[in-house]
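The block underneath contains the structure these notes are about, expressed in structure tokens.
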Amino acid sequence: MTSRPVPPARPSVRRGRDYIARHGETVFNRIGRIQGDRVDLHTPLTRQGFAQAEALGEVLHERLGTAPALTLWSSPTGRALQTLAVIAEHLALAWHDTRQDIRLIELGFGSWSGQDSAALAAIHGSIVHPHGMAVGAPDGERYAAMAARLSAWMADTAEHDGDRLILMHGLSSRVLRGLLLGLPDDSHCGVPVAERLPQGSIVMIEGGVETVIHRAGP
């Protein structure tokens, strides 16, 4: 008798809902400088960024009420934590209970971190793909590595009870959403990529289905 290969175990169904938010506008965003994964390169929110954080807090409070059963997760960057602090105040949740995870951080840009985007484009050509994903620095992180760390975070949190609020960045949030939605690999990045949303926007993903809770202005 010929033995048949054992099929791989199906991944467990993800418990709870994921509310994934993009941080508010920063000083570097306003002047066109690259931030990336540098936690030491703290660029504070602008007035527009704080207004976006306020709007996120108001929308979530209207939807979830006061002190909801919500685990707070964040990239360890100042801009994500600053945005989350405003949201947490609206929800009457303890910001100091936030679970900071380096795996939620933005794409690493290597030597491009802190540099002017327009100046880099003048040297290297367009540094943004047509759909808004960054091309990435020659010495920076690859999207496959980003997807691997985000997949590991997903696996570690799949069995957690309750809902999660996750504060992230433009590129990393698009890849995390793409993974949670089971999207096909993007032709430019080689990993799943969800649609672009403006800073200060938030989605809810449950059972592989995404709902835009708040789409900030352009």
Side-chain angles (χ1 to χ4, degrees), residues 8-24 35-41 56 60 64 68-85 87-88 91 93-110 113 133-134 136 140-186 189-197 199 201-213:
R10 296 184 61 182
S12 58
V13 175
R14 187 166 182 80
R15 302 174 69 172
R17 297 173 292 184
D18 290 287
Y19 289 90
I20 303 173
R22 186 178 174 192
H23 67 75
Q35 295 169 119
D37 65 338
R38 291 266 302 275
V39 294
D40 62 325
L41 195 63
L56 285 169
L60 283 172
L64 301 175
L70 197 63
T71 303
L72 304 180
W73 288 87
S74 180
S75 155
T77 59
R79 56 195 187 272
L81 291 166
Q82 225 179 356
T83 303
L84 182 55
I87 297 171
L91 297 176
L93 294 176
W95 176 84
H96 288 92
D97 291 339
T98 300
R99 302 183 185 188
Q100 299 182 38
D101 198 309
I102 194 72
R103 294 174 294 185
L104 300 174
I105 206 162
E106 184 58 295
L107 186 73
F109 280 91
S113 293
M133 294 292 283
E141 183 182 26
R142 305 272 74 87
Y143 280 107
M146 171 190 274
R149 59 176 164 87
L150 292 172
S151 294
W153 178 84
M154 287 168 53
D156 288 346
T157 57
E159 297 297 325
H160 288 188
D161 287 324
D163 299 334
R164 294 160 289 269
L165 171 59
I166 308 143
L167 260 291
M168 299 181 68
H169 308 271
L171 305 176
S172 60
S173 65
R174 290 181 69 179
V175 174
L176 178 61
R177 289 164 52 215
L179 291 167
L180 287 169
L181 296 172
L183 299 181
D185 288 346
D186 175 76
C189 303
V191 300
V193 174
E195 70 163 321
R196 181 188 181 279
L197 292 173
Q199 288 176 316
S201 298
I202 186 166
V203 303
M204 186 269 287
I205 297 179
E206 181 179 18
V209 178
E210 178 176 280
T211 302
V212 178
I213 302 302

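Reckoned from all heavy atoms, side chains included, excluding hydrogens, waters and symmetry mates. None of the values given here were measured: they were computed from a predicted structure.
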statement: Rounded to the nearest 0.5 Å, the CD1 atom of Ile213 sits from the CZ atom of Arg17 at a distance of 8.5 Å
- prompt: How long is the span from the CD1 atom in Ile20 to the OG atom in Ser201, to the nearest 0.5 Å?
  reply: 12.5 Å
message: In the structure I gave you, are the side-chain heavy atoms of Pro68 and Leu91 within less than 4.5 Å of one another anywhere?
response: yes
- prompt: Side chains of Arg177 and Asp18: closer than 4.5 Å at any heavy-atom pair?
  reply: no
message: On a heavy-atom basis, which atom in Arg99 and which in His160 lie closest, and how many Å separate them?
response: NH1-CE1, 3.7 Å
- line: By salt bridge (Lys or Arg N to Asp or Glu O under 4.0 Å), Asp37 pairs with (sequence neighbours left out) none
- prompt: Measuring from Tyr19:OH to Thr71:OG1, what's the distance to the nearest 0.5 Å?
  reply: 12.5 Å
Which residues share a side-chain hydrogen bond (donor to acceptor under 3.5 Å, both in side chains) with Arg22, sequence neighbours left out: none
Residues in salt bridge (Lys or Arg N to Asp or Glu O under 4.0 Å) contact with Glu195, at least two apart in sequence or another chain: Arg215
- request: Please examine the side chains of Met204 and Asp163, heavy atoms only from C-beta on, and report whether any two atoms are closer than 4.5 Å.
  value: no
query: Which atom names give the shortest non-hydrogen contact between Arg149 and Ile105, and what distance separates them?
result: NH1-O, 2.9 Å
task: Return the set of residues passing side-chain hydrogen bond (donor to acceptor under 3.5 Å, both in side chains) with Ser75 (not counting sequence neighbours), or none when no residue passes.
output: Thr77, His169
field: Contacts of type side-chain contact (heavy atoms from CB on, under 4.5 Å), residue Asp101, not counting sequence neighbours
entry: Trp73, Arg103, Leu104, Trp153
- request: Identify the two heavy atoms, one from Ala21 and one from Leu56, that lie closest to each other, and give their separation to 0.1 Å.
  value: CB-CD1, 4.4 Å
- prompt: Who pairs with Asp97 by salt bridge (Lys or Arg N to Asp or Glu O under 4.0 Å), at least two apart in sequence or on another chain?
  reply: none
- line: Interatomic distance, CD@Gln199 vs OG1@Thr83, rounded to 0.5 Å, equals 8.5 Å
message: The test is side chain to side chain contact (heavy atoms under 4.5 Å, CB included); show your working for Met133 and Val175 and say whether it passes.
response: CA-CA 10 Å; Met133 294 292 283; Val175 174; 4.0 Å; yes
field: Spacing of Leu93 atom CG and Leu60 atom CG [to the nearest 0.5 Å]
entry: 10.0 Å
query: Heavy-atom distance under 4.5 Å between the side chains of Gln82 and His23, does that happen here?
result: no
task: Report the residues that fulfil side-chain contact (heavy atoms from CB on, under 4.5 Å) with Ala85, sequence neighbours left out, ordered by chain and then residue number.
output: Trp95
task: Could you check if a side-chain atom of Leu165 sits within less than 4.5 angstrom of a side-chain atom of Leu64, using non-hydrogen atoms only?
output: no
- request: Measure the shortest side-chain to side-chain distance between Met168 and Leu150 over non-hydrogen atoms and say whether it is less than 4.5 angstrom.
  value: yes
field: Smallest separation among heavy atoms of Ala134 and Phe109, with atom names
entry: CB-CZ, 3.7 Å
- prompt: For Glu106 and Gly170, which heavy atoms make the closest approach, and how far apart are they?
  reply: OE2-N, 3.5 Å
- request: Evaluate the side-chain proximity of Met154 to Leu179: yes if any heavy-atom separation is below 4.5 Å, no if none is.
  value: yes
field: Inter- and intrachain pairs under salt bridge (Lys or Arg N to Asp or Glu O under 4.0 Å), touching residues 68-81, at least two apart
entry: none
side-chain hydrogen bond (donor to acceptor under 3.5 Å, both in side chains) partners of Asp40, counting only residues at least two apart: Arg38
- request: Taking all non-hydrogen atoms of both residues into account, name the closest pair between Val193 and Leu183 and its distance.
  value: O-CD1, 3.5 Å
Non-neighbouring partners of Asp185 that pass salt bridge (Lys or Arg N to Asp or Glu O under 4.0 Å), sequence neighbours left out: none
Test item: Leu181 and Pro192 side chains (from C-beta on) under 4.5 Å apart, heavy atoms: no
message: Return the OG1 to CG distance between Thr98 and Leu84, rounded to the nearest 0.5 Å.
response: 4.5 Å
query: For Arg142, what residues pass the side-chain hydrogen bond (donor to acceptor under 3.5 Å, both in side chains) criterion, not counting sequence neighbours?
result: none
